[in-house]
Amino acid sequence: MPVSVQHRHYFTIQQRETLQGLLDQRGAQLREAIAAALRATGNEQAAGLANHLEETDDEPVADLESAIEIAALEREVRELRAIESAQRRLHEPDFGLCEDCAAEIPYARLSANPTATRCIGCQAQRERGSEASPRL
Ligand SMILES: [Zn+2]
């Protein structure tokens with residue numbers, strides 16, 4: 001009995017649009033913050049990246065981490081990458097499923113943290129013993 005993958009979407013279109021809005025908004029904020037910080041370094045390569053970030057909304061920042069190492073920006077760059085990844089996954093059939101146990105991640109959790117890729121249980125397990133602090 002073939003089931004269209006479409007039917008595995010368990011969020012409503014409206015919920016997805018809300019999450020998309022949250023991701024877009026946060027992504028724009030991060031791009032601005034990163035661009036400003038890159039300019040503040042006075043480094044020519046960094047300033048070039050800053051212009052690039054602001055001009056191209058859809059440009060992945062995949063190379064940013066290796067292109068420039070600024071400790072202060074690591075967290076922002078990592079978050080921006082997580083957001084871009086979530087923006088890509090948002091319309092895929094398995095968006096919202098825990099990547100460890102495949103349980104459905106509650107919408108409340110995703111609306112608080114749209115980049116979450118695991119249910120709370122699996123996330124807590126991951127973070128136990130790592131330096132990252134648990135996030136909702
Ligand atoms: Zn899980």
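In listed order, ligands and their atoms are each counted from 1. Quick note: numbers below take in every heavy atom, side chains included, and nothing from hydrogens, waters or symmetry partners.
- Inspection of the Ser85 and Arg89 side chains reveals an N or O donor paired with an N or O acceptor under 3.5 Å.
- No hydrogens or angles considered: a donor-acceptor pair under 3.5 Å links the side chains of Gln123 and Glu127.
- The existence of a salt bridge linking Glu76 and Arg31 is excluded, since no basic side-chain nitrogen approaches an acidic carboxylate oxygen closer than 4.0 Å.
- Every residue two or more places apart in sequence or in another chain that forms a side chain to side chain contact (heavy atoms under 4.5 Å, CB included) with Ala82 is listed here: Thr115.
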Could you go step by step and tell me if Glu74 and Arg78 meet the salt bridge (Lys or Arg N to Asp or Glu O under 4.0 Å) rule?
CA-CA 6 Å; Glu74 252 173 55; Arg78 215 180 310 146; 3.7 Å; yes
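- Minimum interatomic distance between His91 and Arg16 (heavy atoms only, all atoms of both residues): CA-NH1, 3.9 Å.
- Excluding waters, the protein N/O/S atoms found under 2.8 Å from the Zn ion (ligand 1) are Cys98 SG, Cys101 SG, Cys119 SG, Cys122 SG.
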